[in-house]
Amino acid sequence: MSLLVARGLVKGFGGVRALDGVDLEVAEGSISAVIGPNGSGKTTLLNVLSGAYRADAGSIMFAGADMAGRPPLQFARQGLARSFQNIRLFTRLSVLDNARVGAMGGHGPSLAAVLLRLAAHRTAEAMATRRARAALDQVGLGGLADAPAGSLPYAQQRLLELARAVAGRPRLLLLDEPAAGMNMTEAMALMDIVRRLRDGGITVLLVEHNMRLVMQVSDHLTVLDFGRRIAAGGPDEIRRDPAVIAAYLGPGHGEGGAPDA
Amino acid sequence: MRPWMLIGWALAACLPLLLGSGYAVQVADLALLNALAVLGLNFVTGYAGQVNFGQAGFAGIGAYVTALGALAGLPFWLALLAALVVAAGASLALGLPTLRLRSFYLAMATIGFGEIVHLVLLHWESVTGGSSGLRQIPPIGIGRFVVGTDAQAWWVLLAVLALAVLVAGRVRRSWLGRAMIATADAEIAASLTGLDTLRVKLVALMLAAVYAALSGGLYAGYVRYVSPDQFGNQQAVLLFSMLVLGGTGSIGGCLIGAAVLTVLPEALRFLHAWYMVLYGAGVVAIVLFMPDGVVGAARRLGRRLGVG
């Protein structure tokens, strides 16, 4: 069963076609990845798939709904969460409160309930706190709940982005280069977390530069080059695909050798 | 509420006994009224990060609706309540089309709003009395209790401010306060958690407008005279300066900023026009050296002392 099916996505910026008719499927319960050389359109694709950019053409079916042209808010309410390549935390809030924003989403009680401390407010706060703490524990930030988010070191800020996304119990989690700036040990630990999230029922689609990580963790890969899908399949297929090797190493390297980095 | 806060409020209640009567208490009363408006501004600008130079305009709407209602024979509290409702409506009218705008454009739009309110108050003479304003406004009161002295006004205004602080604290510690700060810090990330950031900004602006109208309405009943110039863009900038001086996003900072910038011009009256030079230089100095205001600077100092 595909949770996400995109067909013929086109997105241009001025004269450049960042996406030029991209197809993508993400099977429910899988870890899928989008890879490709720099400038191949990976981040643009993620932005289109989360509603941050509106596609010029193409369709996006997510969890049974046609999402093309809808704002990010509705993608989120349909069960999508994401992290950002350039970290976008709520730096003035504590670590716990960042996760609580993720947990509550747009489902907060009314202003009257907040001001009068009605049951609706107390129930919602308790639920958000519980989910936020669970998400922080899942990424290993449980001990830093009260720290200001802006004070965390870089790798932990990435983990907090992940926790915030997970706290909302999404069906699909988009991760934009989640291991960027991490050393290999931190990145491997992150991939363990991603695997556990998948095992817990969250479908994951990630964009990642580090080929070794991607090949280890992904069930399915889509390869982009110049805004087009040049290959799709399991890790072993992709490793042997001549088009992929050519895209990574340049023409003339069509035989043998896995793309690496 | 922490014990030191209770002590603070209790000490504040004793202030008129210290100041005696007359001018000093009047200045203190005005500081409370300004603090109300700045606390409101803190929702939309301090938390939600949306520049709002319309705060004096909302106070003007609150003052005039209260004054007109009370002059027409409504009980003061009912006129004030009507003013809050009208201001909330005005905030929706301003916010719905403009809160999609970013920084500079929103600033321009809110300046325009303040200007429009000022011009309407000035030129709709048959209703507002034009530049001579409205006089003999009935005093603040509820039922048989009517505020008669500056000291009584202090206690009433202090009680209202305490309630306003309580409400602000509850909003800050709820999902709404977190949503406002999240919207300011990273709007796209906030909307991807499912937050309707436009609605969050609207709620923040509405709270700001209601606080401003409360301030303006009580001002009308306290001074018992309103004119357009009390609610012009100069007042809007002053309220903004109070927020920045105290520390955006801090409830205590709002109170400090309002107190300092209300009392300072009176204390430095002997400087005459030079005060404006000092004020201008002071604002520049704060923006440069204490971008997070008195409260932020105090916090940093505390941390340094704690470490060193």
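When A/Arg164, A/Arg117, A/Gln74 are compared by the number of non-hydrogen pairs under 4.5 Å with chain B, A/Arg117 comes out ahead. In terms of heavy-atom pairs under 4.5 Å with chain A, the best-connected choice from B/Val200, B/Ile188, B/Thr197 is B/Ile188. The most heavy-atom pairs under 4.5 Å with chain A, out of B/Ala190, B/Ala186, B/Gly177, come from B/Ala186.
Taking every heavy atom of both residues into account, A/Ala187 and A/Ala179 meet most closely at CB-CB, 3.9 Å.
Looking at A/Leu116, the atoms closer than 4.5 Å to chain B (heavy atoms on both sides) all sit in the backbone: N, CA, C or O. For a residue to count as touching a neighbouring chain, one of its non-hydrogen atoms must lie under 4.5 Å from one of that chain's; by this rule A/Leu80 touches chain B with backbone and side chain alike. Heavy-atom distances place both the backbone and the side chain of A/Pro109 under 4.5 Å from chain B. There is no contact between B/Arg199 and chain A, counting heavy-atom distances below 4.5 Å. Both the backbone and the side chain of A/Arg92 come within contact range of chain B, with heavy atoms under 4.5 Å apart. Interface remark: B/Leu176 contributes side-chain atoms only to the contact with chain A (heavy atom separation under 4.5 Å).
Between the side chains of A/Arg82 and A/Ser50, a donor-acceptor pair is found at a separation under 3.5 Å. Using modelled atom types, one finds a donor on one side chain and an acceptor on the other under 3.5 Å when comparing A/Gln85 with A/Thr43.
By the neighbour-count criterion of 12 heavy atoms within 6.0 Å, atom CZ of B/Arg100 is sparsely surrounded, having that number or fewer from other residues, nucleotides or ligands. Applying the 6.0 Å contact sphere to OH of B/Tyr105 captures no more than 12 heavy atoms from other residues, nucleotides or ligands.
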* Using the side-chain hydrogen bond (donor to acceptor under 3.5 Å, both in side chains) rule, take A/Thr129 and A/Arg100 through it: C-alpha gap first, then chi angles, then the decisive distance, then the call. => CA-CA 6 Å; A/Thr129 307; A/Arg100 285 207 282 195; 2.9 Å; yes
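At a threshold of 4.0 Å, the pair B/Arg178-A/Glu125 counts as salt-bridged, since one of the basic side-chain nitrogens sits closer than that to a carboxylate oxygen.
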